[in-house]
Amino acid sequence: MAPAKFRLVAEGGRVGGGRRPGAYIGSYVLGKGFIVSPEQAQDLIQRDSRNQDVLFPYLNGEDLNSRPDCSASRWVINFHDWPEERAREYPEVFAIVDHHVKPERLKNNRKLRRERWWQFAERAPRLYSTISGLDRVLVVARVSKTAMPVFVPTGQVASEQTVTFATDSSAELALLSSSIHHAWAVSRASSLKGDLRYTPSDVYETMPQPDENAEMLEAGKVLEMSQRAIMTERGIGLTGLYNLLHSSAGNDDCDIRALREAQSAVDSSVLNGYGWRDLHFEYDLIETRQGIRFTIPQGMKIELCDRLLELNHALFAGGVTRNSEASHTCGPSPADVNRSEGTLF
């Protein structure tokens, strides 16, 4: 098998040949009083245009998976890391938080959350600073049946029930939508009532990744166009879309057949990125822990996870440097991996 270059995960998320996109869990708001309807938000902005400084769409995992455009159905008040004096400069909005959030937050057993009751409990500052120069980012629901990422616009507040990948690359969409990534995620993640619970430190940060290439970039673009077209035309979200893909009804649906072909092209591009041209996927409707899925056989998933684990061992053992190249070879047990979770979008 021909050697392939891999992006090596090192401390702080550094990777061979550059920096891998960070993965972050979203903001933990802690206070229903922060959340407002879109109509209420627009009314506040219309009354005082300055209020747009502190009012944002609030994206959660349910909206991401259920709405055809993956948009937020609610807005949220966000006073950032501001002191109370600055927050009070927005009197109408501050009054909402003062009335609906403060009484409960003053009962919190954490001192900082009591003292800074007008701020989110966990603001996720690294998320927002990291993506500040991007117009869109990849997001996946932390708990879902699909575990499929999707591009969404920046300029929103992401809930802690989402994971954001700080990238606008369609090649990254291909990687994270691939059967290779899904097999690794299922093997590494926990589950909640049968749904996959995606944790960046257990899944994303431990998965050796190939360098982006033109084939992955093109496959990711085609997959996204196919997904968006079907969801828009049929008024369904990601969950509804992938319920069709994983059902026998999809066998006679030309749009779903095209989506399956796009998924196959994504998988092929990622396999080629790893240099694993000896592997060939055959798809079928197969019973899994997540139910019936249009997927590859369990034996192939085990082979993929074995190869990824061997690569992980080879990369992390023996003082491998950030800029090293690695081929698919088995090495000794990996050194301890830094599993600290970052903050998100």
**Student:** Does atom CD of Glu62 have more than 12 heavy-atom neighbours, drawn from other residues, nucleotides or ligands, at distances under 6.0 Å?
**Tutor:** no
**Student:** For Ser73 and Asp63, test the side chains for any donor-to-acceptor distance below 3.5 angstrom and give the result as yes or no.
**Tutor:** yes
**Student:** Verify whether one side chain among Glu215 and Asn272 offers a donor that lies under 3.5 Å from an acceptor in the other.
**Tutor:** yes
**Student:** Could you check whether Phe120 and Phe34 have their ring centres less than 6.0 Å apart?
**Tutor:** yes
**Student:** With sequence neighbours excluded, give me every ring-ring contact (aromatic ring centres under 6.0 Å, His included) pair touching residues 98-117.
**Tutor:** Phe94-Trp117
**Student:** Validate the cation-pi geometry between Arg86 and Phe79: distance from NZ or CZ to the six-membered ring centre under 6.0 Å, angle to the ring axis within 45°.
**Tutor:** no
**Student:** Are the side chain of Ser27 and the backbone of Arg123 linked by a donor-acceptor contact shorter than 3.5 Å?
**Tutor:** yes
**Student:** What residues form a side chain to side chain contact (heavy atoms under 4.5 Å, CB included) with Ala171, not counting sequence neighbours?
**Tutor:** Ser169, Glu212, Met216, Leu217
**Student:** Assess, by modelled atom type and distance only, whether the side chains of Arg228 and Thr232 contain a donor and an acceptor separated by less than 3.5 Å.
**Tutor:** no
**Student:** Do we get Arg260 above Phe294's six-membered ring, with its NZ or CZ under 6.0 Å from the centre and within 45° of the axis?
**Tutor:** yes
**Student:** Using the ring of Phe151 (Phe, Tyr or Trp, six-membered ring only), decide whether Arg136 places NZ or CZ under 6.0 Å from its centre and within 45 degrees of its axis.
**Tutor:** yes
**Student:** Checking side-chain polar atoms at under 3.5 Å, does Tyr242 have a donor or acceptor matched by the opposite partner on Gln227?
**Tutor:** yes
**Student:** More than 12 foreign heavy atoms under 6.0 Å from CZ of Arg50: is that the case here?
**Tutor:** yes
**Student:** If we ignore angles and hydrogens, is there a donor and acceptor under 3.5 Å between the side chains of Ser179 and Asp267?
**Tutor:** yes
**Student:** Quick one: pull up NE2 in His182 and CD1 in Ile296 and give me the separation to the nearest 0.5 Å.
**Tutor:** 10.0 Å
